Amino acid sequence: MSKEITARSADYSQWYNDLVLKGGLADYSAVKGCMVIKPYGFALWEAMRDVLDRKFKETGHQNAYFPLFIPKSFLSKEAAHIEGFAKECAVVTHYRLKNDPNGGGVVVDPEAKLEEELIVRPTSETIIWNTYKDWIQSYRDLPLLINQWANVVRWEMRTRLFLRTAEFLWQEGHTAHATAEEAVAETTQMLNVYADFAEHYMAVPVVRGVKTANERFAGAVDTYCIEALMQDGKALQAGTSHFLGQNFAKAFNVQFSNKENKLEYVWATSWGVSTRLIGGLIMVHSDDQGLVLPPRIAPLQVVIVPIFKGEEQKATIDAKVHALIADLKKLGVSVKYDDSDNNRPGWKFAEYEMKGVPVRIAIGARDIENGVAEVARRDNKTKETLPLEGLGQRIQDLLEEIQQNLFNKAKTYRDEHITRVDTFEEFKQVLDGKAGFVSAHWDGTSETEEKIKELTKATIRCIPLNNPQEEGVCILTGKPSKERVLFARAY
RNA sequence: CGGGGCGUAGCGUAGCCCGGUUAUCGCGCCACAUUUGGGAUGUGGAGGUCGCAAGUUCGAAUCUUGCCGCCCCGACCA
């Protein structure tokens, strides 16, 4: 009816947009490239944020907040860093408006020009390292383990809801360490936190790996990443964790006295995930009926729809439902009883399917008589009639089953879409056919990587961690190679 | 920045070529009634700077010019 969803097979991008808009996650805004995150979408982000925040704290991090604005001169202190971000920075040049003397509303007051322009943060390494300079003097001040939840702005040419917007929400961890070994350990620890979150909460299987020089974060020594595979066979970088070496410490002159009273530059990491994860979540699990959300981060896990004629039936159903709700809440299950009379049951069924609520329970007079309820799973669209007795526990188990099923399904798909190839012909065939990750030998040079990208639009997503070493030859140049890397077309 | 598309009610649209009653239809919204096991039905009703500005004309949603905005596809990117 009013909420037709484009089929994935007809137009994958349109399908994705339909889910975001009609599922009530976000809207386009009056500002080009920026979206409004609606309550349901934000609830999803909050659910993800809560889990991650807990994990950060469990690994010893604390939250803090740094300014939105960064003096222009800060950004240029690390050469590779500014190189990477310069093209997409929003710049504040004035601090005041005034009435247009020609009567055209307000204009920028030319008198109010800033002496030094401010950059709206595209990422906060520079402002943070400028601050750390004052916080770190001794090895006793280390490690410094800070995370920030914030918005950042990257003025992208072309945007897509959640996947790439001019402003987005994220978290960025910035840590300082006394030794390189400790910083590297932090980098991999946080990569594992992300991977664990993706797999156990989002039910999204990921490949852990390290980026090639081409794809590395601007200013990093090494960029570790988790890569996920979408249903259209394209890859999505779902999170990154960077070992920054001493680059930022040197740029901002952050030194500490070690135990031998010698000055040393500190070692740094930074790591982040963004609202982009929501885009990935949608593209991994959802179907042509709408969103499919994994129970562990679904804003709402269970919806109960009563089916009744008249107040009398309603009262009988209410009594049973309230008992069930009490049970579910006791078990930590989030539940909504939609007994509004505005829409009929069929409408509600369709609506909650669109929104991806994992479990729907329908209870009518007929069920009350039989002491049962109809329980419908969103993930595989099956329905079964279950006794009301002990239903709460059964639902809790079912949610866990759904969580597992979503992960297994996504993992099977992902594993079936990692294809080993040994020639460039096969490589192109796979990319244009079944798509997904392509595991192939590469000669290790940036030039070859660039060339392959030019020819096929595929990039090296990562060199997987613990990658088996094997002799081979580069698919493009035929030069010797010691290991396979994962290529894919990516978002 | 290149290519394409679009701007008419909250949303989706017709009308535009070929200017002429009160701007079309559907969804949604409001009221009432009947309904309620897969997106209900009827009756009545509210809602419009036709993106903005200038021009042509007796008359502009419609023609002309300029401007603005958004979306999609590319290059760039999390």
Side-chain angles (χ1 to χ4, degrees), chain A residues 1-6 11-14 16-18 21-22 27-35 83-89 104 122-123 152-172 194 211 214-218 223 225-228 235-242 270-280 289-290 305-311 313-314 317 338-354 360-370 372-374 376 381 383 385 453-454 457 459 461 490-491:
Chain A
M1 290 272 295
S2 62
K3 290 196 168 180
E4 284 300 319
I5 295 175
T6 307
D11 184 342
Y12 192 83
S13 306
Q14 192 53 49
Y16 174 79
N17 281 333
D18 282 354
L21 297 170
K22 293 172 181 173
D27 256 338
Y28 293 111
S29 74
V31 184
K32 183 190 171 91
C34 295
M35 64 175 178
E83 169 87 26
F85 287 104
K87 288 168 293 179
E88 51 188 34
C89 286
T123 180
V152 288
V153 168
R154 296 182 187 175
W155 214 266
E156 302 290 351
M157 290 300 176
R158 220 169 81 59
T159 59
R160 291 197 71 190
L161 293 165
F162 285 115
L163 296 175
R164 198 186 309 105
T165 46
E167 179 190 12
F168 58 93
L169 305 183
W170 78 346
Q171 59 70 217
E172 46 181 327
Y194 289 154
K211 289 288 188 190
N214 274 1
E215 302 281 324
R216 197 177 286 152
F217 175 75
T223 287
C225 63
I226 52 172
E227 293 283 328
L236 182 81
Q237 179 174 307
T240 46
S241 184
H242 316 291
S270 70
W271 28 273
V273 296
S274 72
T275 37
R276 172 179 245 208
L277 285 178
I278 295 175
Q289 275 72 50
V305 177
I307 297 159
F308 60 94
K309 293 179 192 173
E311 284 306 309
Q313 282 191 1
K314 173 72 166 42
I317 293 167
D338 186 354
D339 63 346
S340 69
D341 204 20
N342 297 332
N343 296 110
R344 299 163 85 240
W347 189 92
K348 292 175 186 173
F349 294 171
E351 182 64 15
Y352 291 109
E353 260 158 38
M354 169 88 72
R360 180 189 71 233
I361 302 175
I363 302 184
R366 187 169 90 194
D367 300 313
I368 299 285
E369 276 175 36
N370 300 326
V372 297
E374 181 194 80
K381 307 268 289 168
K383 290 190 273 201
T385 300
K453 184 179 176 185
E454 231 171 81
K457 289 181 184 164
T459 50
R461 300 321 302 157
Y491 278 95

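So you know, we letter chains A, B, ... as the sequences are listed, proteins then strands, and number each from 1. For clarity, every value in this text was computed on a predicted model and none was experimentally measured.
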When you measure from the side chain of [X], which nucleotide among [options] comes out closest?
X      : options             : value
A:M354 : B:U35, B:G39, B:A75 : B:G39
A:K309 : B:U36, B:G38, B:C76 : B:U36
A:F349 : B:G38, B:U35, B:C77 : B:G38
A:K383 : B:G37, B:G38, B:U36 : B:G38
A:A350 : B:G37, B:G38, B:C77 : B:G38
A:N17  : B:G39, B:C77, B:C72 : B:C72
A:K453 : B:G39, B:G37, B:C76 : B:C76

Residue pair A:A373 / A:I363: nearest heavy atoms and the distance that separates them:
CB-CG1, 3.7 Å

Below 4.0 Å: OP1/OP2 of B:G37 and any side-chain N or O of A:R366
no

N/O-N/O pairs, protein side and nucleotides 68-70 of chain B side, under 3.5 Å:
residue, atom, partner, partner atom, Å
B:C70, OP1, A:K32, N, 2.9

Taking the basic N atoms (NZ, or NE/NH1/NH2) and the acidic carboxylate oxygens, is any pair closer than 4.0 Å for A:E227 and A:K211?
yes

Tell me if the side-chain of [X] makes a donor-acceptor pair with the base of [N], cut-off 3.5 Å, by modelled atom types.
X      : N     : value
A:D367 : B:G37 : yes
A:K348 : B:G37 : no
A:R154 : B:C77 : no
A:R360 : B:G38 : yes

Roughly how far apart are [X] [atom1] and [Y] [atom2], rounded to 0.5 Å?
X      : Y      : atom1 : atom2 : answer
A:R154 : A:R164 : CZ    : CZ    : 12.0 Å
A:L236 : A:R461 : CG    : CZ    : 8.5 Å
A:F349 : A:I307 : CZ    : CD1   : 4.0 Å

Which dot-bracket string describes RNA chain B (Watson-Crick N1-N3 plus N6-O4 or O6-N4, or G-U N1-O2 and O6-N3, all under 3.5 Å; [ ] crossing; | other strand)?
(((((((..(((.......[....))).((((((.....)))))).....(((((..]....))))))))))))....

side-chain contact (heavy atoms from CB on, under 4.5 Å) filter on A:N17, not counting sequence neighbours, yields A:Q14, A:Y28, A:L161

Go through the steps to decide whether A:W271 and A:Q171 satisfy the test side-chain contact (heavy atoms from CB on, under 4.5 Å), and finish with yes or no.
CA-CA 8 Å; A:W271 28 273; A:Q171 59 70 217; 3.5 Å; yes

Geometric class of the A:F217/A:H242 ring pair [parallel <30°, tilted 30-60°, perpendicular >60°]:
parallel

Identify whether any heavy atom of [X] sits under 4.0 Å from a base atom; if not, whether one sits that close to sugar-phosphate; answer base, sugar-phosphate or nothing.
X      : value
A:E156 : base
A:T165 : base
A:S13  : sugar-phosphate

Looking at side-chain heavy atoms only, is the closest gap between A:E215 and A:T459 below 4.5 Å?
yes

